[in-house]
Visitor: 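First the structure, then my questions, so here it is.
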Amino acid sequence: MDKRRSHTPGRLTRRRLLVGMGVTATVVGGASITTEAFSSVTGSRLTNLNVADDPDALISLLVNDTVRKNNRGLLVEIENNTTGTVDFSVTLDDPSHGTLYNNNPTLGAGSSQRVEITAEVKDVQVPFTIVGTSPDFQFEAARETTAVSGNTSGAVTIDKVKKFSANDWDENWTIRTVKVSSQNELDRVEYEVTDSNGETRATRTDTASGTRYVRKGQGNAPAITLEPDDGGYDVQGGTTYELTVTAFDVQNNFDSVTRTDTG
């Protein structure tokens, strides 16, 4: 049994940064550093942080460029690429701009969390602040998105995702029907399954082309099957899993929906 959780058209920008413009990192020992990105550390208490390119950064921030008034959707996805646990807090600079969900996650090494928003404004910039704290460091990142009218049509639309199932007897997850339409050339469709702790258990990326992507669960458009990324992982009965489907066009416009099912 699948349940609709959110529907988020817009554009996203993957910024694999620990710190960047408007971001200050405070390192144990009192030093404050403003730079582009941290990727590696030396010393037992992170007293030395080095700059590197995006793919090697310790904290990944996936920021949604637009959010829609009166629609719950993605604001930012945070990924912890450090080897320890980090406590995060996401707050709106102006609380009247909307309501946040899942905005105080504690993320273990390698885990991620989607922070969502229901905007209560339109045609304005919505600035927000991300704070990360661990026993060894603290940082603060300033970001913003744009709130738009709730009836704005996105360039990419996920028209249907049906019959998401967590199959503990087959040790996999299946989605019978996925339909995507786009105003521009499609690029890809990404699938991710996370468990109740927010840990990613399965991923898949399908290359897409043209203006439609269709999986009908039959014939030459078969159902989607996701196997665990970790071959030793068993799908757990009684555990609720969340599926996120995100479709992109060649201009990086996207639409994203989530579904849940209990094994």
Side-chain angles (χ1 to χ4, degrees), residues 5-23 36-37 53-55 57 59-81 88-103 105 112-132 139-159 161 180-192 205 208 211 213 244-258:
R5 284 282 304 282
S6 65
H7 186 84
T8 313
R11 294 177 68 89
L12 58 79
T13 309
R14 182 172 292 279
R15 302 184 178 95
R16 286 191 176 275
L17 301 175
L18 187 79
V19 290
M21 287 187 62
V23 182
E36 286 302 315
D53 294 332
D54 285 354
I59 303 295
S60 170
L61 303 178
L62 180 67
V63 180
N64 194 346
D65 284 350
T66 61
V67 296
R68 297 198 300 168
K69 182 180 180 182
N70 299 326
N71 285 264
R72 177 171 168 172
L74 176 69
L75 175 65
V76 58
E77 181 176 330
I78 305 170
E79 182 177 350
N80 174 20
N81 297 315
F88 292 94
S89 174
V90 181
T91 57
L92 296 175
D93 293 6
D94 184 343
S96 69
H97 282 165
T99 301
L100 297 181
Y101 308 89
N102 306 317
N103 58 312
S112 62
Q113 175 67 58
R114 290 166 55 96
V115 177
E116 299 184 336
I117 183 175
T118 299
E120 297 175 8
V121 292
K122 66 177 182 178
D123 303 326
V124 299
Q125 296 300 110
V126 178
F128 59 98
T129 301
I130 304 163
V131 175
F139 77 92
E140 181 176 299
R143 294 290 183 268
E144 65 178 19
T145 187
T146 302
V148 298
S149 175
N151 59 7
T152 297
S153 177
V156 180
T157 303
I158 297 179
D159 301 299
V161 174
V180 179
S181 57
S182 176
Q183 297 175 16
N184 307 305
E185 182 81 5
L186 285 167
D187 181 68
R188 66 192 186 279
V189 180
E190 296 181 352
Y191 298 87
E192 180 184 41
T205 299
T211 59
Y213 168 97
T244 301
V245 182
T246 307
F248 299 84
D249 69 10
V250 294
Q251 298 181 15
N252 212 35
N253 299 302
F254 77 103
D255 193 13
S256 180
V257 301
T258 60

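Source: prediction; values computed, not measured.
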Visitor: How many angstroms lie between atom CD1 of I117 and atom CG of N102, to the nearest 0.5 angstrom?
Guide: 13.0 Å
Visitor: Apply side-chain contact (heavy atoms from CB on, under 4.5 Å) to residues D255 and V180 and explain how you reach the verdict.
Guide: CA-CA 9 Å; D255 193 13; V180 179; over 6 Å; no
Visitor: Indicate the atoms forming the closest heavy-atom contact of S256 with T244, along with that distance.
Guide: OG-CG2, 3.6 Å
Visitor: Quick one, I78 with V90, criterion side-chain contact (heavy atoms from CB on, under 4.5 Å). Give me CA distance, side-chain angles, the key distance, then yes/no.
Guide: CA-CA 10 Å; I78 305 170; V90 181; 3.8 Å; yes
Visitor: How far does CD of E144 sit from OG1 of T129, to the nearest 0.5 angstrom?
Guide: 11.0 Å
Visitor: Does either side chain, that of N103 or that of T91, offer a donor lying less than 3.5 Å from an acceptor on the other one?
Guide: no
Visitor: Heavy atoms only: give me the nearest I130-F88 pair and the separation to one decimal.
Guide: CG2-CD2, 4.3 Å
Visitor: Report the C-alpha separation of Y191 and V161 in whole Å, then their side-chain angles, then the decisive distance to 0.1 Å, and conclude whether the side-chain contact (heavy atoms from CB on, under 4.5 Å) test is met.
Guide: CA-CA 11 Å; Y191 298 87; V161 174; over 6 Å; no
Visitor: Any side-chain donor-acceptor pair under 3.5 Å between D159 and S181?
Guide: yes
Visitor: Can you tell me how far apart OG1 (T145) and CG (L75) are? Round to the nearest 0.5 Å.
Guide: 6.5 Å
Visitor: When rounded to the nearest 0.5 angstrom, what distance separates CD in E116 from CZ in R114?
Guide: 5.0 Å
Visitor: What is the minimum heavy-atom distance between F254 and T246, and which atoms define it?
Guide: CD1-CG2, 3.8 Å
Visitor: Atom CG in N80, atom CD in Q113: separation rounded to 0.5 Å?
Guide: 12.0 Å
Visitor: Measure across V156 and A247 and return the closest heavy-atom pair with its distance rounded to 0.1 Å.
Guide: CG1-O, 3.7 Å
Visitor: Going through the distances and angles, do Q125 and T146 end up as a side-chain contact (heavy atoms from CB on, under 4.5 Å)?
Guide: CA-CA 5 Å; Q125 296 300 110; T146 302; 2.7 Å; yes
Visitor: I'd like to know if the side chain of S96 pairs up with that of E120 as donor and acceptor (distance under 3.5 Å, no hydrogens or angles considered).
Guide: no
Visitor: With a 3.5 Å distance limit and no angle check, can you tell me whether D187 reaches the backbone of F248 through a side-chain donor-acceptor pair?
Guide: no
Visitor: From D249 CG over to T211 OG1, what is the distance, rounded to the nearest 0.5 angstrom?
Guide: 11.0 Å
